[in-house]
Number of protein chains: 2
Amino acid sequence: MPDSSPNARATAKPVPSAEPSKLPRRERERLRQREEILAAALELFSEKGFHRVRMQDIARKAEFAVGTLYRFFKDKEDLYRALVRSRAEHFHSTLKAVLTKNEREDPVSVLKRYLEAKANLLAGGVAMLKLYFAETRGARFSLRAGLDRELLQLYEDLLRQLARVFERGIRRKVFRALDPYKLAVALEGMTNGFLQLWVEQPERYPFDQQLALILDLFLHGVVIDEQRVQAR
Amino acid sequence: MPDSSPNARATAKPVPSAEPSKLPRRERERLRQREEILAAALELFSEKGFHRVRMQDIARKAEFAVGTLYRFFKDKEDLYRALVRSRAEHFHSTLKAVLTKNEREDPVSVLKRYLEAKANLLAGGVAMLKLYFAETRGARFSLRAGLDRELLQLYEDLLRQLARVFERGIRRKVFRALDPYKLAVALEGMTNGFLQLWVEQPERYPFDQQLALILDLFLHGVVIDEQRVQAR
DNA sequence: TCAAAATCTGAACCAAGATTCATAGTACGG
DNA sequence: CCGTACTATGAATCTTGGTTCAGATTTTGA
């Protein structure tokens, strides 16, 4: 019974950007449509969460008939996974790149660029962020294992990359000799706290406005340091 | 049609502890049962999430018949809300108490006690924490508004309380003069990062083991301070 | 321009699971 | 030890929404 349709595949795709296009015309069109569906889905899922969104809704928003969705995705879950995965991959690969390039750059600058990159990624809108939180944080049960593990893997990987940066910093005597991985967790946590805040009150707490504070706080802490002159 | 049953109410209840009992016997029994249902529900919801748990399951685990659940709660959602709310209230009131008492105590100690209190609350098990994350973080769409707003309110309130502590610290020249609310967000974020870690690898990263690090890091930052002798 | 092939469409079908309710079981008062 | 009133039970409904599929529509290519 299952697997009767020859289509319906869940692939990965970089996301937005202009398709370099080197495909059989038809195929190109197909991908565009697929992407449109995913875009509509992102909007809806991030707003209401998996279970509250009906295939109906996605279809309507993407201006297709329900049946058509099934030409692109095996079922609702497949659609969701494709969405989350594609976004997550884009997200993580971008950040990873920042952390990886320039192995010998000043660790503090790397951290700074990392945060900026994160801000840029999110600048597009809160939709993706909500999805990100829903999956990475909290509700790890949004969907059957599989995807979960995969995502955790990605996130884990990112944390490790970040830890590397701290490691370097420690070796160079710039950072205190604390467990690098935990430092990564700490920085991520703090950052996410502000992202959370941003999601709730975008106007009042624009994320990119907090970058400096985050870094400063993470680097120097709250306690007043008599020795250091905290300019401004 | 609706509202035919005179029972099914969603009240608040402190949670576990020994009921002081000053109720009409029968009523007492009733509450005990209610609490048992909630306990079973917590277990299940935290494990699988709202939608993956059937009333069936809750009934079975609590050793009642499905129908009986409806004597206590209007419907599935009502049950869920009652659960989250009761837990959340316990959680927040406890923490708030810590932050509120001793207005004149050394801010750093207060923070320390705050973190400890949090650890204690969670010591009971990850179940509650998962629920906490599912609700506080990410998936703010787990259920129709209402509860959400209420929880945000609570959390917001806690943050404000925490901010007060920082305010005091700033006034006493112990902390740097940064936006207290943001400091609260930052500390919470960092803490949650480690909680997250704990949920994922309880044995490897027991939360209470991280307390010292969290506080230290938050107070002093990662950067090596030439002036200060970082003992150990 | 026409017919086969590929797509799209959305009403109809179906499964899952929440909710109801007639029936069976208990507790209480006399 | 009964009759009455309340409570528990779980099989039988009802709803929701995912999935299918027999046409309708469009594209291809000769």
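Proteins come first, then strands; the chains are lettered A, B, ... in the order of their sequence lines, and each starts at number 1. Note that the coordinates shown come from a computational prediction; the quantities given were computed from them, not determined experimentally.
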Residues that [X] engages under side-chain contact (heavy atoms from CB on, under 4.5 Å), provided they are two or more places apart:
X         : result
Asp179(A) : Tyr181(A), Lys182(A)
Thr68(A)  : Phe64(A), Ala65(A), Phe72(A)
Arg60(A)  : Arg54(A), Gln56(A), Asp57(A)

Residue-phosphate contact under 4.0 Å: Arg54(A) side-chain N/O, dG18(D) OP1/OP2:
no
Does OP1 or OP2 of dT7(C) have a side-chain N or O of Gln33(A) closer than 4.0 Å?
no
Residues in salt bridge (charged side-chain N to carboxylate O under 4.0 Å, His left out) contact with [X], at least two apart in sequence or another chain:
X         : answer
Glu156(B) : Arg160(B)
Glu167(B) : Arg171(B)
Lys76(B)  : none

Rounded to the Å, how far apart are [X] [atom1] and [N] [atom2]?
X        : N       : atom1 : atom2 : answer
Asp75(B) : dC14(D) : CG    : C1'   : 15 Å
Arg71(A) : dA6(C)  : CZ    : C1'   : 8 Å
Met55(B) : dC14(D) : CE    : C1'   : 16 Å
Lys48(B) : dG17(C) : NZ    : P     : 10 Å
Glu36(B) : dA8(D)  : CD    : C1'   : 15 Å
Arg30(A) : dT7(C)  : CZ    : P     : 6 Å
Ile37(A) : dT7(C)  : CD1   : P     : 13 Å
Tyr70(A) : dG18(D) : OH    : P     : 7 Å

Between the opening five pairs and the closing five pairs of the helix from dT1(C)-dA30(D) to dG30(C)-dC1(D), how far apart are the helix axes, to 10°?
10°
Every protein N/O lying under 3.5 Å from an N/O of nucleotides 22-27 of chain C:
none

Side chains of Arg87(A) and Leu38(A), heavy atoms from C-beta outward: is any pair under 4.5 Å?
yes
Counting only non-hydrogen atoms, which of residues 56-69 of chain A are less than 4.0 Å from DNA chain C?
Phe64(A), Ala65(A), Val66(A), Gly67(A), Thr68(A)
Applying ring-ring contact (aromatic ring centres under 6.0 Å, His included), name anything that partners Phe218(A), two or more places apart in sequence or on another chain.
Phe166(A)
Tyr80(B) vs Phe45(B) aromatic rings, parallel, tilted or perpendicular, using cut-offs 30° and 60°?
perpendicular
Among pairs that include at least one residue of residues 202-213 of chain A, which meet salt bridge (Lys or Arg N to Asp or Glu O under 4.0 Å), considering only residues two or more places apart or in two chains?
none
Across all chains, not counting sequence neighbours, the side chain to side chain donor-acceptor pair (under 3.5 Å) partners of Lys118(A) are Glu188(A)
